[in-house]
Amino acid sequence: MADIPLQVISENSASERRITPSWSIAQLKRKLEPITGIPPPCQRISLKTASKETVAIEAADEDTALLSNFPLSAYAELHIIDTRPASAKLNLNDTSGVEKYVMPADEYEKKSDSVLAWKKTEKLGRFNPDAPSLEKAKIDAFDSEIRSRGIEVGKRCRVGGDDSRRGEVKYVGEVKEIPGSIGAWVGVQLDEPVGKNDGSLGGTRYWGTESPLKHGVFVRPERVEVGEWPVLNDLEDMEEI
């Protein structure tokens with residue numbers, strides 16, 4: 001009798017296996033142990049056929065009961081349940097107890113095929129001899145943008161050219177909580193709660209008090225347009241109430 005391909009599915013594994021119908025249930029369980037990690041006495045097997053019918057693969061005498069007695073069909077699902085209590089099961093997904101190798105920093109710096117070595121070769125990041133001057137130029141450009149746009153704390157403005165995002169400048173300066181950023185940011189208290197924060201970021205409060213409403217936003221100077229922008233009033237365009 002030809003082998004039949006079945007989908008063998010357990011809690012920690014799923015794979016296609018060829019099953020021989022002339023095997024006994026006991027033989028099948030022994031062959032499934034290295035695949036599922038479940039000891040034969042603790043396996044509860046069921047067959048899910050193409051018609052979605054679930055058939056238990058069990059018998060009073062599993063040493064003599066053959067798989068040919070069950071409706072095996074190509075690519076049907078063979079589900080194996082582990083009947084052991086949770087405390088007795090192996091947790092193959094828990095890696096907390098696995099010793100992890102961490103390469104010492106000095107050893108990593110000596111490697112020639114690492115990302116660090118590539119950055120050194122390409123003179124990228126902190127290995128770029130022009131990095132300090134480029135960084136200063138970027139900071140100066142932000143400061144120049146602030147001066148040319150007349151951005152000052154207390155002035156009315158709108159953000160990103162969006163007339164619905166009006167507000168008041170509350171902060172101008174560096175925001176160290178924004179990763180990888182240098183130079184000045186502009187903190188704006190928007191009239192409407194359509195911002196990203198309440199004036200605080202990463203545990204540092206730049207203005208205002210704690211609030212569940214997000215009126216605050218930090219943007220670069222080029223996105224801020226200072227002007228006589230009246231405070232938004234949701235009712236100003238309504239003719240009737």
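For the atom pair D198 CG and T209 OG1, the distance stands at 7.5 Å (nearest 0.5 Å). Separating the CD1 atom in I139 from the CD atom in E174 is a distance of 6.0 Å, to the nearest 0.5 Å. Interatomic distance, CE of M103 versus NZ of K110, reported as 11.5 Å (0.5 Å rounding). The line from CG of D163 to CD of E225 is 9.0 Å long, rounded to the nearest 0.5 Å. Considering CG of L72 and CG of L67, their distance stands at 6.0 Å, rounded to 0.5 Å. Rounded to the nearest 0.5 Å, atoms OG (S46) and CD1 (I81) are 6.0 Å apart.
Note on V172: it does not cluster hydrophobically with L201, by side-chain heavy-atom contacts below 4.5 Å among ILVMFWY residues. If you chain together hydrophobic residues whose side chains sit under 4.5 Å apart, V115 and V102 never meet in one group. Transitive grouping of hydrophobic side chains (ILVMFWY, heavy atoms separated by less than 4.5 Å) keeps L190 and W229 in distinct clusters. In this structure, I178 is not a member of the same hydrophobic cluster as V217, with clusters built from ILVMFWY side-chain heavy atoms closer than 4.5 Å. In the hydrophobic clustering of this structure, L66 does not group with I19; members are Ile, Leu, Val, Met, Phe, Trp, Tyr whose side-chain heavy atoms approach within less than 4.5 Å, directly or through other members.
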Where do Y206 and E177 land on the side-chain hydrogen bond (donor to acceptor under 3.5 Å, both in side chains) test, with the steps shown first?
-> CA-CA 11 Å; Y206 288 88; E177 290 74 20; 2.3 Å; yes
Stepwise side-chain contact (heavy atoms from CB on, under 4.5 Å) test for I9 and L78 | CA-CA 6 Å; I9 301 170; L78 201 63; over 6 Å; no
Intermediate values then yes/no, side-chain contact (heavy atoms from CB on, under 4.5 Å), C157 and R223 = CA-CA 10 Å; C157 66; R223 297 193 61 208; over 6 Å; no
Would you check, one step at a time, whether the test salt bridge (Lys or Arg N to Asp or Glu O under 4.0 Å) holds for R147 with D143?
-> CA-CA 6 Å; R147 290 191 299 271; D143 291 342; 5.2 Å; no
Before giving the answer on side-chain contact (heavy atoms from CB on, under 4.5 Å), spell out for V186 and V169 the whole-Å C-alpha distance, their side-chain angles and the decisive distance to 0.1 Å.
-> CA-CA 7 Å; V186 181; V169 176; 4.0 Å; yes
Test side-chain contact (heavy atoms from CB on, under 4.5 Å) on Q7 and K48 and set out the steps.
-> CA-CA 10 Å; Q7 295 292 329; K48 192 171 185 180; over 6 Å; no
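Contact check for P129 versus K123: side-chain heavy atoms found under the 4.5 Å cut-off. With contacts defined as side-chain heavy-atom distances shorter than 4.5 Å, the pair W185/S181 qualifies. Using a 4.5 Å heavy-atom cutoff, the side chains of E168 and V153 are not in contact. Using a 4.5 Å cut-off on side-chain heavy atoms (C-beta onward), Y75 and I4 make no contact. Using a 4.5 Å heavy-atom threshold, the side chains of V231 and R156 count as touching. Contact of the F218 side chain with the N197 side chain is registered, since non-hydrogen atoms from C-beta on lie closer than 4.5 Å. Under the 4.5 Å side-chain criterion, counting only non-hydrogen atoms from C-beta, L6 is not in contact with R17.
Heavy-atom neighbours of K214 NZ from other residues, nucleotides or ligands within 6.0 Å: at or below the threshold of 12. Around atom CD of E16, more than 12 heavy atoms belonging to other residues, nucleotides or ligands sit under 6.0 Å away. No more than 12 heavy atoms of other residues, nucleotides or ligands lie within 6.0 Å of CZ in R44, so this atom counts as exposed by the packing criterion.
Contact check on R165 versus D191 returns no salt bridge, with no Lys/Arg side-chain nitrogen under 4.0 Å from an Asp/Glu carboxylate oxygen. Salt-bridge check for R149 with E145: passed, with a basic side-chain N closer than 4.0 Å to an acidic carboxylate O. Using a cutoff of 4.0 Å between basic side-chain nitrogens and carboxylate oxygens, E109 and K111 are not scored as salt-bridged. With salt bridges taken as basic N to acidic carboxylate O contacts below 4.0 Å, one links K136 and D140.
Residue S73 comes nearest to A50 through the heavy atom pair OG-N, 4.4 Å, listed as atom of the first residue, atom of the second, then distance. Of all non-hydrogen atoms in R166 and P230, the two that sit nearest each other are NH1-O, 2.9 Å. Between I151 and V224, the shortest heavy-atom distance links the atoms CD1-CB, 3.9 Å. What you find for E58 and F70 is that their closest heavy atoms are O-CZ, 3.7 Å. Taking all atoms of both residues into account, the shortest heavy-atom contact from V55 to P71 is CG2-CG, 4.1 Å. Nearest heavy atom pair, residue F142 against residue I182, reads CE1-O, 3.5 Å.
Remark: the backbone N or O of A117 is paired with a side-chain donor or acceptor of S114 at under 3.5 angstrom. Here the side chain of T49 pairs a donor or acceptor atom with the backbone of E53 at under 3.5 angstrom.
With sequence neighbours excluded, no residue forms a salt bridge (Lys or Arg N to Asp or Glu O under 4.0 Å) with K120.
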Can I get a per-line list of side-chain donor-acceptor pairs under 3.5 Å for residues 29-36, giving both atom names and the distance, sequence neighbours left out?
{"residue": "K29", "atom": "NZ", "partner": "Q43", "partner atom": "O", "Å": "3.2"}
{"residue": "K29", "atom": "NZ", "partner": "E62", "partner atom": "OE1", "Å": "3.2"}
{"residue": "K29", "atom": "NZ", "partner": "E62", "partner atom": "OE2", "Å": "3.4"}
{"residue": "T36", "atom": "OG1", "partner": "L32", "partner atom": "O", "Å": "3.0"}
{"residue": "T36", "atom": "OG1", "partner": "I38", "partner atom": "N", "Å": "3.2"}

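No side-chain donor-acceptor contact under 3.5 Å links T20 and S22. Q189 and W207 share a donor-acceptor pair across their side chains, judged by distance under 3.5 Å alone.
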